[in-house]
Amino acid sequence: MIRIYNTLTRQKEVFQSITAGEINMYVCGPTVYNYIHIGNARSAVAFDVVRRYLEYKGYNVRYVSNFTDVDDKIIKRAQDEGVSEIEIANKYATAFNDDTLPLNIKPATIRSRATEVIPDIITFVSDLIDKGYAYESDGDVYFRAKKFEGYGILAHQDLSEMEKNAAGRLDDVELKRKEDPIDFAVWKASRNTTEISWQSPWGMGRPGWHIECSVMAQKYLADTIDIHGGGIDLAFPHHTNEIAQSEARTGAKFVNYWMHNGFVNVNNIKMSKSLGNFTTIHDLLTIYPDPMAIRYLLATTQYRHPINYNDDTLKQAQVELDRIRTAYRNLYFSLNSGKEFTDEKLELQVKKYVQDFEIAMDDDFNTQNALAAIFGLVSLANDYVDHNDIAKKSAQKLADKLAKLMSIFGVKELLEEQVLTAQQTQLLSDRVEARKNHDFELADHIRNELNQLGIIVEDSPQGQRWHNK
RNA sequence: GGUAAUAUGGCCAAGUGGUAAGGCAACGGUCUGCAAAACCGUGAUCGCCGGUUCGACUCCGGUUAUUACCUCCA
């Protein structure tokens, strides 16, 4: 039984999918006007972990996400660089794919671009107008927020406060176009001829920011979907507006479980593009050699909690991950001298930790408690490696479970491929020989030599083992 | 101003009524020809004040600090 914290109700609820064994999930993707930063990646990783766990539990997850490839920031960027909006969008959409690949983020079942669903958007907006939920004004189309009962509930915003705030912020032209300051644009008129635009019943224009997600969720999933995810900052206005327009159109509940991830902070301040205090994944990948450590850091913090990102936290993640890898590698090595018998006690302990892992993840994806179970397996492995008799099959099960559970965090390749040169192979066997002859001076000399060649040598109860530096 | 969230050992971080998981770091020890890896052991009364209770980190009230949202934002 999985329980999920629903932002809408502000409590953990027992998860029940609409269709048994199937999950429709929508996660808001990035606006492709720049490289994604660690915060964007955190969101993608958080929901990737959710998805992987749900799949692990046997669900068939249909995961839809978007690229916002038309909006003010893209238009501005295009104008600044003197290229088309499409070029900007293509460049950074490609970069998104390039950057998320090393982080082992599974591709969405469907990833659609706003510009691919323009006809659907126009139909959607027309329907809203037909139903009286939206109105055209000077080429723009606005949604009548107050007409939708329960507007603002998701973010627990007070309507009159919002009205007051909005009225103070908007300029006279905008106020004049809107019936009410809190109304939001579902379609924006082109005010000049140079920016990207489409023909519509209301003249040339482009979609408002929120509409694409509502359209895609309905088009590729259903009127009512199981899970909708995104950063906590999207609760208002983005998701608030999605709910209003989606439910206004279909009359059906839009989303059963709203999930929002916490931020990545730098010195306890939110990392954001507008504040400029961000590190892009693109840059980080060029200076940091181990993408799995980045993945580990992002995946092992519970998704609703903030992650304080800095060199120290990344380093700590690296150390923890290396400890898991070392245990896995040493256990794997010990299999070589394993024997054909079953260690029931070991298998029982493994089972227990796997169970602990699932109990933790079932509880709103409590990755920290799940991690504690993983370290239980690590301790088990480390302890077992010192045994004289290795039950090969049982130890193999332990290794497999460790890798399997780590893969839910999206951390793969616990064991890196090890290829030796002829010289290294010779040195290793020379060292075994030297130790056999108690020529420790020579053995230590060879160990140093191998170290310089990038090979670490260790002596274990099962003999000499080695790994890459 | 409004609405929320967070505050646990040096660091990261679990824990929602019965005397505080796990990881990292540190220190001591064991194993080892030496090392490495590993193993064993050692530390916090939970921002502050008050209340409820036989008993609170856990509930209630207040207070302080930090952060976020209130139409750029994962």
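A, B, ... follow the sequence lines: proteins, then strands. Residue 1 opens every chain. None of the values given here were measured: they were computed from a predicted structure.
Between B:C69 and A:Lys270, a contact under 4.0 Å exists linking OP1 or OP2 to a side-chain N or O.
If you take CD1 on A:Ile227 and CG on A:Leu54, they are separated by 5.0 Å, rounding to the nearest 0.5 Å.
In summary, the side chains of A:Gln368 and A:Thr300 do not present any donor paired with an acceptor at a separation below 3.5 Å, with no hydrogens or angles considered. In this structure, a donor-acceptor pair under 3.5 Å is absent between the side chains of A:Ser334 and A:Gln462. No hydrogens or angles considered: a donor-acceptor pair under 3.5 Å links the side chains of A:Ser43 and A:Asn261. For the residue pair A:Asp140 and A:Tyr142, a side-chain donor N or O sits within less than 3.5 Å of a side-chain acceptor on the partner.
Annotation: B:U8 and B:C46 have their C1' atoms spaced 4 Å apart (nearest Å). Distance check on atom C1': B:G2 versus B:G17 gives 33 Å, rounded to whole Å. A distance of about 37 Å separates the P atoms of B:C12 and B:U53, rounded to the whole Å. For the P atoms, the distance linking B:U58 with B:C49 amounts to 12 Å, nearest Å. Separating the P atom of B:U3 from that of B:G62 is a span of 13 Å, rounded to the nearest Å. On the P atoms, B:A25 is 15 Å away from B:C40, given to the nearest whole Å. Comparing B:U45 with B:A5, their C1' atoms are spaced 24 Å from each other, to the whole Å. Rounded to the nearest Å, the gap between the C1' atom of B:C31 and that of B:A38 is 9 Å.
Taking every heavy atom of residues 170-191 of chain A and every atom of RNA chain B, pairs under 4.0 Å involve A:Pro181, A:Ile182, by number. Within residues 98-113 of chain A, no residue approaches RNA chain B, by heavy-atom distance under 4.0 Å.
Figure legend: A:Arg111 and A:Phe67 shown as a cation-pi pair, the cationic atom lying under 6.0 angstrom from the six-membered ring centre and within 45 degrees of its axis. In this structure, A:Arg144 is not positioned above the aromatic face of A:Tyr133 in the sense of NZ or CZ being under 6.0 Å from the six-membered ring centre and within 45° of the axis. Both the sub-6.0 Å distance and the 45° axial angle are not jointly satisfied by A:Arg42 relative to the ring of A:Phe263. In this structure, A:Lys12 forms no cation-pi arrangement with A:Tyr5, as its terminal cationic atom is not both closer than 6.0 Å to the ring centre and no more than 45° off the ring axis.
As the counterpart of B:C46, no nucleotide is assigned, since no Watson-Crick or G-U wobble pattern has both distances under 3.5 Å. Within the shown strands, B:C24 is the pairing partner of B:G10 under the Watson-Crick or G-U definition, both distances less than 3.5 Å. Base pairing of B:A4 is made with B:U67, judged by Watson-Crick or G-U wobble geometry with both donor-acceptor distances under 3.5 Å. Of all nucleotides present, none satisfies the Watson-Crick or G-U wobble test against B:U58 with each distance under 3.5 Å. Pair assignment for B:U19 gives none, since no Watson-Crick or G-U wobble pairing has each distance under 3.5 Å.
Applying the salt bridge (charged side-chain N to carboxylate O under 4.0 Å, His left out) criterion to A:Asp459, with sequence neighbours excluded, gives A:Arg431, A:Arg435. With sequence neighbours left out, A:Asp80 forms a side-chain contact (heavy atoms from CB on, under 4.5 Å) with A:Lys76. Not a single salt bridge (charged side-chain N to carboxylate O under 4.0 Å, His left out) links A:Lys273 to another residue, sequence neighbours left out. Contacts of A:His282 classified as side-chain contact (heavy atoms from CB on, under 4.5 Å), with partners at least two apart in sequence or in another chain: A:Tyr35, A:Asp99, A:Thr280. Residues that satisfy the salt bridge (charged side-chain N to carboxylate O under 4.0 Å, His left out) test with A:Glu174, not counting sequence neighbours, are absent from this structure.
Here the P atom of nucleotide B:A74 and the CG atom of A:Asp48 are 18 Å apart, to the nearest Å. If you take CG of A:Asp383 and P of B:U30, they are 19 Å apart, rounded to a whole angstrom. A:Phe440 places its CZ atom 7 Å from the P atom of B:G33, with the value rounded to the nearest Å. The CG-P distance, from A:Leu377 to B:A38, rounds to 16 Å in whole Å. When rounded to the nearest whole Å, the span between CG of A:Asp312 and P of B:A13 equals 13 Å. In this structure, A:His438 places its NE2 atom 14 Å from P of B:U32, rounding to the nearest Å. The NE2-C1' distance, from A:His228 to B:A74, rounds to 11 Å in whole Å. The CD1-C1' distance, from A:Ile324 to B:A38, rounds to 16 Å in whole Å.
Applying the salt bridge (Lys or Arg N to Asp or Glu O under 4.0 Å) test to pairs two or more places apart or on separate chains, none has a residue in residues 374-383 of chain A. Applying the ring pair (Phe, Tyr, Trp, His ring centres under 6.0 Å) test to pairs two or more places apart or on separate chains, those with a residue in residues 163-192 of chain A are A:Phe143-A:Phe184, A:Phe184-A:His210, A:Trp187-A:Trp202.
Comparing A:Lys12 and A:Asp71 against RNA chain B, the residue whose closest nucleotide sits nearer the 5' end is A:Lys12. Taking for each of A:His239 and A:Thr313 the nucleotide of RNA chain B with the nearest heavy atom, the 5'-most of the two is the partner of A:Thr313.
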Quick one, give me the B/S/- string for nucleotides 1-8 of chain B, reading 5' to 3', where B means a protein heavy atom under 4.0 Å from the base and S means that only happens at the primed atoms, P, OP1 or OP2. BBSS----
Nucleotide by nucleotide, nucleotides 16-26 of chain B touches protein heavy atoms under 4.0 Å in the pattern (B base, S sugar-phosphate only, - none) -----BBBS--
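Residue contacts for A:Phe236: at a heavy-atom cut-off of 4.0 Å it reaches the sugar-phosphate backbone alone, with no base atom in range. Looking at heavy-atom distances under 4.0 Å, A:Val264 makes contact with a base. In this structure, A:Gly230 reaches the sugar-phosphate backbone alone: every heavy-atom distance under 4.0 Å involves primed, P, OP1 or OP2 atoms, never a base. Across all strands shown, A:Gly229 has no heavy atoms under 4.0 Å from either base or sugar-phosphate atoms.
Applying the 6.0 Å contact sphere to NE2 of A:His467 captures more than 12 heavy atoms from other residues, nucleotides or ligands.
Here the side chains of A:Asp72 and A:Lys188 are in contact, with some heavy-atom distance below 4.5 Å.
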Short N/O separations, protein against nucleotides 34-37 of chain B, under 3.5 angstrom:
| unit_1 | atom_1 | unit_2 | atom_2 | d |
| --- | --- | --- | --- | --- |
| B:C34 | O2 | A:Arg447 | NH2 | 2.5 |
| B:C34 | N3 | A:Arg447 | NH1 | 3.0 |
| B:C34 | N3 | A:Arg447 | NH2 | 3.3 |
| B:C34 | N4 | A:Asp459 | OD2 | 2.9 |
| B:A35 | N6 | A:Asp459 | O | 3.1 |
| B:A35 | N1 | A:Asp459 | N | 3.0 |
| B:A35 | N3 | A:Arg447 | NH1 | 3.1 |
| B:A36 | O2' | A:Glu458 | OE2 | 3.0 |
| B:A36 | N1 | A:Asp459 | O | 3.3 |
| B:A37 | O2' | A:Asn330 | ND2 | 2.8 |

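Side-chain rings of A:Tyr92 and A:Phe96 stay apart, their centers remaining 6.0 Å or farther from each other.
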